[in-house]
Trainee: 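Below is one structure. I have some questions about it.
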Amino acid sequence: MTWSTLFKGDAATGRLPASSFGREWMKAPLKVGAVAPSSSGLARAITNGLSASDGPVIELGPGTGVFTSALLARGIPDSRIAAIEASSGFASALAARYPAATVICADAARIRHLNLFGVPANVVICGLPLLSMPHGKVFRILAGSFASLRPGGSFRLFTYGWRCPVPGAILDHLGIVTRRIAFVPFNIPPAWVYELRREKVAE
Ligand SMILES: C[S@@+](CC[C@H](N)C(=O)[O-])C[C@H]1O[C@@H](n2cnc3c(N)ncnc32)[C@H](O)[C@@H]1O
């Protein structure tokens, strides 16, 4: 398999067992960044207010697909969802579960080079462990995501810390403003949800 493999409904593995998240975490704890999937409460918070008209949506680091399911529950069809996941185990299971979605097994830092929909996305939902990544990678993820979003599009992330996990210098350089939009106390651990938008660049 090459480093970037497109899975589109051709994987045979289907739904991942609950234990798979812990298994992936044991293989690469820093990369997976959590010992268990996010709660349904966090999934509802990070997708809050989205509806069928908010596609296309890009999901970064979907894992077992908790946020993907929440996007579908909001009415966004799987054909309007593209997910970028570094773990081939997670990616192939997600592709089998959502055959109409575009699931790409790749490093999200490559997002700028992946032709996902051919049109800009409205929303990026980020499940990546940004705090454990080098700043250069975080920069490439943010810059590439905003290049893939329509002007005014929304980038949502969650964090277990009380501050936005994107370094201030990156936010300033890219002209991004942040807003804390939810606190989810019953997630393990408790989590904050942020929305990032790019300020209008003066012409
Ligand atoms: C904290 S888990 C979140 C999973 C899921 N979104 C959730 O909330 O339950 C982080 C996910 O990001 C994936 N990941 C980590 N680094 C990545 C990268 N550079 N590119 C794409 N996916 C990555 C991991 O494999 C894992 O599935």
Side-chain angles (χ1 to χ4, degrees), residues 1-7 11 13 15-48 50 57-74 76 81-95 97-98 101-114 116 123-145 148 155-161 165-166 170 182 184 186-194:
M1 188 173 64
T2 58
W3 67 269
S4 172
T5 302
L6 179 69
F7 291 98
T13 47
R15 191 178 285 256
L16 280 173
S19 58
S20 65
F21 205 98
R23 244 193 339 266
E24 292 295 320
W25 177 80
M26 280 195 284
K27 279 193 240 163
L30 283 183
K31 208 169 194 176
V32 173
V35 287
S38 296
S39 63
S40 54
L42 178 52
R44 279 194 302 277
I46 204 165
T47 59
N48 188 33
L50 300 183
V57 176
I58 299 171
E59 190 180 351
L60 307 178
T64 51
V66 178
F67 297 165
T68 323
S69 305
L71 288 168
L72 292 169
R74 299 272 180 204
I76 297 166
I81 298 173
I84 306 174
E85 169 57 59
S87 148
S88 57
F90 283 147
S92 59
L94 202 71
R97 194 165 154 201
Y98 303 113
T102 297
V103 180
I104 297 178
C105 183
D107 181 348
R110 302 265 317 159
I111 182 171
R112 188 186 280 279
H113 308 288
L114 305 171
L116 297 173
V123 181
V124 173
I125 300 286
C126 177
L128 300 170
L130 296 174
L131 277 177
S132 61
M133 292 180 177
H135 289 186
K137 182 175 276 215
V138 176
F139 177 81
R140 289 199 302 281
I141 290 167
L142 266 292
S145 294
S148 308
F155 181 106
R156 295 180 180 189
L157 59 80
F158 75 92
T159 181
Y160 305 131
V166 181
I170 295 179
V184 186
F186 299 116
N187 192 69
I188 302 174
W192 283 262
V193 179
Y194 282 81

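Whatever order the structure lists ligands and atoms in, that order sets their numbers, starting from 1.
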Trainee: D107 and K137: salt bridge (charged side-chain N to carboxylate O under 4.0 Å, His left out), yes or no, with the steps?
Mentor: CA-CA 10 Å; D107 181 348; K137 182 175 276 215; 2.8 Å; yes
Trainee: Can you name the nearest heavy-atom pair linking V166 to L157, along with the distance?
Mentor: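 Nearest pair, atom of V166 first, then L157: CG2-CD2, 4.0 Å.
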Trainee: Indicate the atoms forming the closest heavy-atom contact of I111 with S148, along with that distance.
Mentor: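 Looking at all heavy atoms of both residues, the shortest contact is CG1-OG, 3.8 Å.
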Trainee: If you compare all heavy atoms of S38 against all heavy atoms of V66, which two are closest, and at what distance to 0.1 Å?
Mentor: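 That closest heavy-atom pairing would be O-CG1, 3.5 Å.
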Trainee: On a heavy-atom basis, which atom in R97 and which in T64 lie closest, and how many Å separate them?
Mentor: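 Heavy atoms only, the tightest pair is NH1-O, 2.9 Å.
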Trainee: Check ring-ring contact (aromatic ring centres under 6.0 Å, His included) between F139 and all other residues, then give those that pass, not counting sequence neighbours.
Mentor: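 F139 satisfies ring-ring contact (aromatic ring centres under 6.0 Å, His included) with H173 only.
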Trainee: Mind listing the N or O contacts between ligand 1 and protein, cut-off under 3.5 Å?
Mentor:
{"residue": "ligand 1", "atom": "6 (N)", "partner": "G61", "partner atom": "O", "Å": "2.9"}
{"residue": "ligand 1", "atom": "8 (O)", "partner": "S38", "partner atom": "OG", "Å": "2.5"}
{"residue": "ligand 1", "atom": "9 (O)", "partner": "S38", "partner atom": "N", "Å": "2.9"}
{"residue": "ligand 1", "atom": "19 (N)", "partner": "D107", "partner atom": "OD1", "Å": "2.9"}
{"residue": "ligand 1", "atom": "20 (N)", "partner": "A108", "partner atom": "N", "Å": "2.8"}
{"residue": "ligand 1", "atom": "22 (N)", "partner": "A86", "partner atom": "N", "Å": "3.1"}
{"residue": "ligand 1", "atom": "25 (O)", "partner": "E85", "partner atom": "OE2", "Å": "2.5"}
{"residue": "ligand 1", "atom": "27 (O)", "partner": "G63", "partner atom": "N", "Å": "3.4"}
{"residue": "ligand 1", "atom": "27 (O)", "partner": "E85", "partner atom": "OE1", "Å": "2.8"}
{"residue": "ligand 1", "atom": "27 (O)", "partner": "E85", "partner atom": "OE2", "Å": "3.3"}

